[in-house]
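In what follows, a structure is listed as structure tokens, so that the remarks can point back to it.
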Amino acid sequence: MSWRWVLEADGLVIEETDVHLNGSDWQVDAFRDLQPYLRWRADPSRRLEHESELLDELGRWITRTAFREIGRILADEGPCVVRMKVPVEARFVAALPWEAAVIDGKALPLHRVSLVRDLAASSDRPARKRKRPIRDALRVLALFSLPDGTSALNLRRERLQLARLLDTVAKTGETAIELIVLQYGVTRERLSECVEHGHGWDVLVLSGHGGEGVFVLEKPDGSRDPIGGDALVELLAPLRRRVKFVLAAACSSADTLTDQRLEALGIGSAHRSAESSRHDGPTELERSGASPHVGTLAEVLADRLDCAVLGMRHTVTDDFVTELNGAVFKLMVEQANSLGRAVALALPRVVETPATEASPPLAASSPALFGGTAVDLLLEPPKGRALIFDRSALKLAGFPDQPARFVGRGALMSAANRCLAPHSGGSGIFLQGMAGVGKTACALELAYGQEDNFSALVWYRAPEETDGDAADIAPSLAEFAQALQQRVDGLHFVELLDKPEELSAFLPMLTQFCKQRRVLVVLDNVESLLSASGQWRDPRWELVVDALTGHRGFSRLIMTGRRAPRSLDPGVSVHQVDALSLRESVLLAREMPQLRALLDGDLAGLQPSLCQTLAVGVLTSAQGHPTLVELAEGELSDPARLAARLAEVNRSWEELGIAPRSYLDIGVATRADATAYSTVLTRWTTGVVAALSGTARRLFHVLCCLEPADRRPALFEDIGPLLHETEADSTEDGDTWWRDWSELAESSLVTVDRGADEDIVVLVVHPEVAEAGRQSGERLREAVDRQLAAYWTGRAMESLSTEHDGGSGQVVDTARAALPYLLRQGHWSQAALLLERVLFRDPSPRTAATLLPALRDIVRRAEDSDDEVAANRILARVLEHNDPEEARTHLEGLLEVALARGDHLAATGLTGDLGSLENGLS
């Protein structure tokens with residue numbers, strides 16, 4: 001192979017050199033096919049180090065033989081962008097990885113040099129047509145394809161980082177940027193619909209599973225759909241008139257890294273054979289290599305779409321692509337750099353030296369720019385709208401934050417997203433699974449991903465069950481109706497909940513509304529609303545859920561729970577959320593800093609052999625349960641203690657009749673049921689809590705005894721001193737024992753949710769973890785219930801005395817906050833009197849609909865107690881203001897019962913109540 005380099009700047013020739021490569025040299029073969037060469041030649045036992053050595057040797061040969069003095073000139077000029085004008089007959093030169101050249105011990109890109117391959121510059125093709133300019137907004141279409149069978153690939157972090165970056169740029173710079181993201185269920189048809197949008201797209205991001213010779217989309221059933229270069233370009237052809245930049249990357253390396261980690265742990269080969277048997281084999285296109293690799297695909301896209309393309313010459317890690325994409329977009333969109341300059345500046349920032357698993361030796365030479373427009377391409381979003389409060393744009397207000405970690409679940413998420421599509425024929429999905437397995441995380445991931453596909457989104461979480469006791473759900477339906485009302489203007493039915501006939505007349509209209517409008521409702525933690533047999537504890541819930549799902553229109557309902565209702569509309573599909581597979585567990589562990597270091601064998605202070613033993617132990621003991629994996633992360637600060645904990649947990653599994661090692665052999669948990677996982681989680685939590693300091697242990701127990709909404713540091717400033725005076729208090733706790741959460745957070749017993757200003761808003765304790773904490777602190781719970789009941793009752797009385805106008809939400813909220821603590825103590829009449837005072841102050845239909853169900857529930861609980869008559873009389877007095885006829889019927893029934901029992905004192909009081917009622921009616 002022979003050619004001549006001519007280096008020009010500003011129209012002047014700087015350097016010329018002739019190149020002659022001997023095809024029989026091993027370096028030429030390596031230069032032509034770099035990644036396979038390294039894969040076959042590198043010593044597996046020291047792969048990173050050996051690949052780096054081989055690449056350094058080849059890189060110096062490239063500079064010495066093929067670049068010569070030009071390499072030195074370019075390195076000295078960095079940061080610079082170099083246009084490579086390559087004639088058609090020498091296209092093979094453009095395909096070579098020139099970025100692998102090494103000058104002064106560093107790859108060329110690490111000198112801030114960016115090479116742009118311009119294959120059109122020397123051709124006879126017509127001059128480029130002018131692209132449609134960026135008008136109202138910079139429009140970005142991002143595709144993240146994850147077919148079933150490639151579950152170890154984690155594209156979510158890349159997607160989130162891109163979305164957050166562009167969102168930040170748009171909001172801080174008041175610019176207009178529109179980002180549409182496709183992930184889960186990315187079929188040819190779905191991609192085609194987006195590509196054909198009339199407004200067009202300025203930027204296209206293609207990131208997904210792939211390898212040499214393949215870029216993979218999804219089929220409707222979630223299986224792999226490898227697409228060749230010509231077919232993909234044909235699909236993207238409608239973009240040609242506007243698209244200016246395409247970023248294409250194939251990232252099969254999460255699977256590769258997982259295989260390598262499992263192999264290093266001594267469990268790779270057996271698992272790999274089991275894993276491969278669970279998925280379809282490679283397709284004919286994948287076997288034949290008929291589709292160009294992404295490096296070649298970038299060249300085709302640049303030519304056929306007439307735009308700049310940043311492609312990955314080699315399959316790269318998800319971590320590397322995420323960091324590079326973020327750096328390039330930040331430099332272009334926020335800091336006004338051209339594409340070529342942005343790549344030149346970004347690569348030295350994201351390439352790690354020495355090489356790591358996340359940034360392997362080939363990272364610097366993987367990105368390649370194609371298309372002459374890359375040299376000067378700018379992405380300058382126009383100014384956005386003036387700053388206004390637009391409620392319709394705040395669709396996710398009230399939703400919890402998107403999960404910090406979410407891995408795998410590719411098949412489940414694809415199937416669920418298909419159900420949420422406008423013409424799926426379904427009306428909802430039910431995500432069913434054991435505690436802590438990730439049902440809520442799946443629901444939130446779906447909701448955040450579907451934000452742009454629905455006009456409104458609604459979130460409601462039902463109360464938690466505690467210690468096997470049925471949750472207080474009396475006000476839950478009213479709270480749910482209020483959540484709907486807040487997000488959908490005009491949807492008012494709170495006041496109808498206590499009027500059966502009017503509610504029945506309204507629900508068909510709700511069904512018709514859901515059929516015609518596009519609203520996504522998420523109902524989390526449904527099990528608390530159901531009996532053990534799956535019946536709705538409050539029959540009205542069944543009516544409302546049936547109304548929300550009894551159609552085949554546009555709205556959708558997502559529900560989560562440990563058990564599903566016995567009767568669901570046929571339009572609701574039930575999806576099982578299982579424990580993570582072994583491969584997904586490894587991916588989740590690598591999202592956590594301590595476990596990541598453990599898996600890589602470089603946790604500070606531990607020998608690699610001990611790291612291997614502990615890593616295998618964590619995977620074995622956790623059995624794919626995400627919460628158990630997180631608890632293991634929290635205990636890695638004391639490896640010896642973790643080792644003892646793992647041994648204890650494995651004995652627990654064996655006592656339950658489960659061989660922990662079987663998870664490593666087949667890659668999925670097959671015999672462990674929800675009860676077994678709950679038992680192990682409780683024992684693990686108890687052990688972690690026992691190892692805490694006295695102050696942290698007490699703080700944890702108090703948190704577990706509080707209602708979830710009360711686990712707020714701001715509230716602790718009020719109640720901390722009160723709790724300090726309880727008989728359960730330890731004198732060693734100190735006066736501000738409630739302010740230090742660090743030990744609990746580090747142990748993974750609590751998750752800290754922070755606000756926009758990074759202040760702690762709430763401390764989240766998983767329900768199963770909280771239940772384990774309460775079991776060892778029953779005496780403390782009684783003290784907490786007394787103090788919190790007194791605190792919230794006092795707040796309610798204070799609000800009643802200071803507020804002069806009815807309708808204030810603070811009175812209702814404080815009364816509702818006191819109820820669970822009063823009810824656990826059996827203070828029925830006190831709870832009823834509190835609600836009576838609130839309802840007398842604010843008799844509005846909305847408040848009545850919220851609190852009347854709670855008052856009726858108190859009456860039910862007080863049956864056969866000393867408070868029974870008092871609670872019933874209070875209910876009758878409240879009904880007198882809302883429904884006098886029902887009040888009369890209620891009092892007459894109570895009088896009849898009192899007389900039958902011979903309770904003449906109660907009968908006398910009830911007779912007086914009836915007389916007062918009759919006088920009021922007359």
Side-chain angles (χ1 to χ4, degrees), residues 434-437 440 461 463-469 471-472 525 527-528 562 622 625-635 641-642 645 648-649 652 674-675 677-713 715-716 719-720 722-724 726-730 732-733 737-753 760 762-789 820-821 824-825:
M434 60 186 159
V437 78
T440 300
R461 178 175 173 82
E464 292 180 5
E465 295 178 312
T466 58
D467 306 326
D469 296 332
D472 173 22
N525 202 43
E527 67 265 13
S528 68
R562 302 180 201 179
H625 196 291
T627 304
L628 294 178
V629 176
E630 291 174 355
L631 286 174
E633 166 75 6
E635 290 210 273
R641 187 176 66 203
L642 176 59
R645 182 89 58 238
E648 177 187 344
V649 168
S652 297
T675 301
Y677 275 107
S678 180
T679 300
V680 171
L681 178 57
T682 297
R683 293 179 183 176
W684 196 324
T685 301
T686 302
V688 174
V689 173
L692 295 172
S693 66
T695 300
R697 185 163 57 250
R698 170 171 166 72
L699 178 55
F700 174 71
H701 283 143
V702 170
L703 278 174
C704 294
C705 295
L706 293 173
E707 293 296 300
D710 289 342
R711 294 168 185 159
R712 295 178 287 116
L715 179 64
F716 259 86
I719 66 173
L722 300 175
L723 295 172
H724 189 70
T726 67
E727 68 271 18
D729 178 48
S730 168
E732 298 178 358
D733 286 344
W737 55 272
W738 59 86
R739 290 180 179 168
D740 187 4
W741 316 100
S742 57
E743 190 174 349
L744 297 183
E746 290 167 2
S747 67
S748 297
L749 289 170
V750 305
T751 302
V752 178
D753 277 2
I760 299 175
V762 68
L763 293 154
V764 181
V765 186
H766 189 275
E768 288 280 304
V769 173
E771 185 166 336
R774 286 189 293 268
Q775 289 176 4
S776 56
E778 189 60 35
R779 187 173 170 219
L780 178 62
R781 187 179 193 186
E782 294 172 2
V784 171
D785 283 346
R786 283 197 308 273
Q787 293 290 356
L788 268 295
Y821 302 106
R824 275 199 292 272
Q825 298 176 83

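The model shown is predicted, which means the values in this text are computed figures rather than measured ones.
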- Task: Considering only NZ, NE, NH1 and NH2 on the basic side and carboxylate oxygens on the acidic side, decide whether R641 and E635 come within less than 4.0 Å.
- Result: yes
- Message: Treating R711 as the side-chain partner and V764 as the backbone partner, does any N or O pair qualify as donor plus acceptor under 3.5 Å?
- Response: no
- Closest heavy-atom pair, A435 versus H766, reported as atoms and distance to 0.1 Å, is C-CE1, 4.0 Å
- Item | Backbone N/O of P767 and side chain of E464: donor-acceptor pair under 3.5 Å | no
- Quick check: does any side chain N or O of S748 sit under 3.5 Å from a backbone N or O of E630, one acting as donor and the other as acceptor? yes
- Query: What distance separates R697 CZ from L780 CG, expressed to the nearest 0.5 Å?
  - Reply: 12.0 Å
- Check whether any side-chain heavy atom of L763 lies under 4.5 Å from a side-chain heavy atom of V765, and answer yes or no. no
- Message: Return the CZ to CG distance between R712 and D753, rounded to the nearest 0.5 Å.
- Response: 13.0 Å
- Query: So how far is it from C705 SG to D710 CG, rounded to the nearest 0.5 Å?
  - Reply: 12.0 Å
- Task: Compare all side-chain heavy atoms of W684 with those of L628 and state whether any distance is below 4.5 angstrom.
- Result: yes
- Note on the structure: Tightest non-hydrogen contact, residues E527 and R562, listed as OE1-N, 3.1 Å
- Message: With a 3.5 Å distance limit and no angle check, can you tell me whether H625 reaches the backbone of S678 through a side-chain donor-acceptor pair?
- Response: no
- Message: Donor-acceptor check, side chain of T627 to backbone of G436, threshold 3.5 angstrom: yes or no?
- Response: yes
- Task: Might you work through the side chain to side chain donor-acceptor pair (under 3.5 Å) test for T682 and Q775, ending with a clear yes or no?
- Result: CA-CA 9 Å; T682 297; Q775 289 176 4; 5.1 Å; no
- Item | Donor-acceptor under 3.5 Å (E633 side chain, V629 main chain) | no
- Would a 4.5 Å heavy-atom cut-off, applied to side chains only, mark L692 and L749 as touching? yes
- Message: Which heavy atom of A632 sits nearest to which heavy atom of L642, and what is that distance?
- Response: O-CD2, 4.1 Å
- Output the distance between atom CD (Q825) and atom CG (L788), rounded to the nearest 0.5 Å. 9.5 Å
- Which atom names give the shortest non-hydrogen contact between F716 and L706, and what distance separates them? CE1-CD1, 3.4 Å
- Query: Can you find a heavy atom in the side chain of H701 that is under 4.5 Å from one in the side chain of R698?
  - Reply: no
- Task: Check whether any side-chain heavy atom of E707 sits under 4.5 Å from a side-chain heavy atom of Y821, and report yes or no.
- Result: yes
- What one should report as the nearest heavy-atom pair of S528 and P463 is OG-O, 2.6 Å
- Query: Is there a donor-acceptor pair closer than 3.5 Å between any side-chain N or O of R824 and the backbone N or O of D785?
  - Reply: no
- Query: Roughly how far, to the nearest 0.5 Å, is the OG1 atom of T685 from the CZ atom of F700?
  - Reply: 6.5 Å
